[in-house]
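For the numbers below, each heavy atom of this structure counts, side chains included, while hydrogens, waters and symmetry mates do not. Just so it is clear: chains get the letters A, B, ... in the order the sequence lines come, proteins before strands, and each one is counted from 1. As the structure is a computational prediction, the values presented were derived from the model and not from experiment.
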There are 2 protein chains.
Amino acid sequence: MSRNIVPDIVVGRLPIYLRMLDFLVQEGRQITSSQELGDRLGISSAQIRKDLSHFGEFGKQGTGYNVAYLRDQLKRILHMNQEWNMVLIGAGDLGHAIAHYQGFAAHGFHIVGVFDNDPAKVGKALGKYVVQGMEDLQGVIEADKAAMGIIAVPAAAARQVADLLIGYGVRALLNYAPITLTTPHHVKVQYIDPVALLQHMAYYLPNGAGA
Amino acid sequence: MSRNIVPDIVVGRLPIYLRMLDFLVQEGRQITSSQELGDRLGISSAQIRKDLSHFGEFGKQGTGYNVAYLRDQLKRILHMNQEWNMVLIGAGDLGHAIAHYQGFAAHGFHIVGVFDNDPAKVGKALGKYVVQGMEDLQGVIEADKAAMGIIAVPAAAARQVADLLIGYGVRALLNYAPITLTTPHHVKVQYIDPVALLQHMAYYLPNGAGA
DNA sequence: TAGATTGTTAATCGATTAACAATC
DNA sequence: TAGATTGTTAATCGATTAACAATC
């Protein structure tokens, strides 16, 4: 049943499944099962079958799933059968790290421009990029059809940057700034907040441990 | 009721509440309400009250919450009333970025050593650190009582690094490698996987958008 | 006091799991 | 065929929300 609305939490697990299938393809595996995937990912086999069932029937009873086929189907479902252009806002330490990150391109995500509002940074080289001023943002988004934006500015500026990106038509934001953004419902946001994750884990550590 | 087990999903929201309360303290606010917090965070006020109720009673009927007091209570609950030492494994691009990240110290998280198994990297300066070999890992963890580890090695090495850290007594792992780790139940893991988040969002973008 | 907001209960909603017929 | 595994249904489990008495 491909037409019902799929719970967001299910969509969020698909990239994990895809990652594992990519790995199995690398290993030369032909066939897998919901049981094996679940064991390797720490998820129940029932959940994997149920998640996949939102999108169609990909397996064979008694046999399991063809690894490459299921991988290809998940890539299609996640719109990984095309390239995605992104703009990166913020050329500080964090922006540098993101601009240098090698892991995006292999998955079809491409940073097509790095922007900062600091005149001291504009024009400077940043890896294979040259930092551009915010006045060039709209032009690049439109020319390169960038549908995604990466926010790597201080929290105090993130709200404003997000509004700008949304105004220019960007519909997905990966936000590294430690601040909750509220956006129109057609704009998706995901957060990367290492400090919040560390705090989450610290809760479970016995007090007195650590330094 | 401070003694029942608190759902993990609730614990995961506390850092977000804490972040907002820190912000309100900065702004000089004295009092807030579940309504205001919810509006600002895109969460229902009922959820905020219910979440907090797992840990005690922090507000006053008719008035709301004292911002600084609630902030301090959340810091205590999350064990942020102490310092936490961490080791960083991996001195590649990603390790460099993490080692340079300024945001940890202000929250009481400290990287006390950077490690890599590549002899070409060992001994090299990395910001304020000097990259150490894996043979020094145990000594540093024990000497500095590091309870947390940050994994910034390639996926192929992450499993082995995690086992090593766990063997040396580390009980919380922040994993930047794109691989699911299975750990003993007393060891917590959190994941940072930008590609997975981008794929999650790409699902919602109309096909044909992007590059 | 009157108005506001908490903490909590009960109802609702949604996600996960167990179980199994279908079938490869 | 016998064994294995899917896709799906129903049951269970857990999380969120609505509502309100308590009370500041």
>> Applying side-chain hydrogen bond (donor to acceptor under 3.5 Å, both in side chains) to B:Q35 and B:D39, what does each step give before you reach the verdict?
In response: CA-CA 6 Å; B:Q35 179 73 53; B:D39 287 348; 3.2 Å; yes
>> If you define the side chain from C-beta out and look only at heavy atoms, does anything of B:I151 sit under 4.5 Å from B:L88?
In response: no
> So do the side chains of A:Y204 and B:V11 get within less than 4.5 Å of each other, counting heavy atoms only?
Replying inline: yes
>> Nearest 0.5 Å, please: how far is CG in A:L21 from NZ in A:K75?
In response: 11.5 Å
>> Does anything in residues 68-80 of chain A come within less than 4.0 Å of DNA chain D? Heavy atoms only, and list the residues if so.
In response: none
> Taking for each residue the nucleotide of DNA chain C with the nearest heavy atom, is it A:T63 or A:P7 whose nucleotide lies nearer the 5' end?
Replying inline: A:P7
> Could you state the NE2-C1' distance from A:H54 to C:dT16, rounded to the nearest angstrom?
Replying inline: 11 Å
>> We want to know whether A:R19 and B:T180 form a side-chain donor-acceptor pair, criterion being a heavy-atom distance below 3.5 angstrom.
In response: yes
>> Dot-bracket, 5' to 3', for DNA chain D please: Watson-Crick or G-U pairs under 3.5 Å, [ ] where pairs cross earlier ones, | where the partner sits on another strand, dots elsewhere.
In response: ..||||||||||||||||||||||
> With sequence neighbours left out, what residues match A:H110 under side chain to side chain donor-acceptor pair (under 3.5 Å)?
Replying inline: A:E83
>> How long is the straight-line distance from CE of A:M20 back to CG of A:L24, given to the nearest 0.5 Å?
In response: 6.0 Å
> Hey, are the side chains of B:F104 and B:I150 touching, using non-hydrogen atoms and a 4.5 Å cut-off?
Replying inline: yes
> Listed in order of residue number, which residues of residues 40-48 of chain B have a non-hydrogen atom at under 4.0 Å from DNA chain D?
Replying inline: B:S44, B:A46, B:Q47
> Is any side-chain heavy atom of A:E36 less than 4.5 Å from a side-chain heavy atom of A:R29?
Replying inline: yes
> Should A:Y65 be listed as having a side-chain N or O under 4.0 Å from OP1 or OP2 of C:dC24?
Replying inline: no
>> I'd like to know if B:E57 and B:R49 make a salt bridge, using a cut-off of under 4.0 Å between side-chain N and carboxylate O.
In response: no
>> Distance check needed: C:dA15 P versus A:I9 CD1, whole Å only.
In response: 7 Å
Sort me out a list of protein N/O and nucleotides 10-12 of chain D N/O pairs below 3.5 Å, or just none if empty.
none

>> Using side-chain heavy atoms (C-beta onward) and a distance below 4.5 Å, is A:L197 in contact with A:D193?
In response: no
> Roughly, in whole Å, what's the span from CD in B:Q61 to P in D:dT23?
Replying inline: 7 Å
> Taking atom CD of A:E142 as the centre, does the number of heavy atoms from other residues, nucleotides or ligands within less than 6.0 Å exceed 12?
Replying inline: yes
>> Once you measure the plane-to-plane angle for B:H79 and A:Y203, does it fall in the parallel (<30°), tilted (30-60°) or perpendicular (>60°) bin?
In response: parallel
> Could you state the CD-P distance from A:E57 to C:dT23, rounded to the nearest angstrom?
Replying inline: 10 Å
> What's the CZ-P distance between A:F58 and D:dG7, to the nearest Å?
Replying inline: 8 Å
> Would you call A:I43 and A:D51 a side-chain contact if the rule is heavy atoms closer than 4.5 Å?
Replying inline: no
> Whole-Å distance between D:dT17 P and B:L52 CG?
Replying inline: 15 Å
> For the atom pair OH (B:Y17) and CG (B:L78), what is the distance rounded to the nearest 0.5 Å?
Replying inline: 11.5 Å
>> Let's see if you get this right: which residues in residues 12-37 of chain A place a heavy atom under 4.0 Å from DNA chain D?
In response: A:S33, A:S34
> So does A:D163 pair up with A:R159, basic N to acidic O under 4.0 Å?
Replying inline: yes
> Atom CG of B:D51 to atom C1' of D:dT16: distance rounded to whole Å?
Replying inline: 10 Å
>> Just the rounded figure in Å: distance from P of C:dA15 to CG of B:D8.
In response: 17 Å
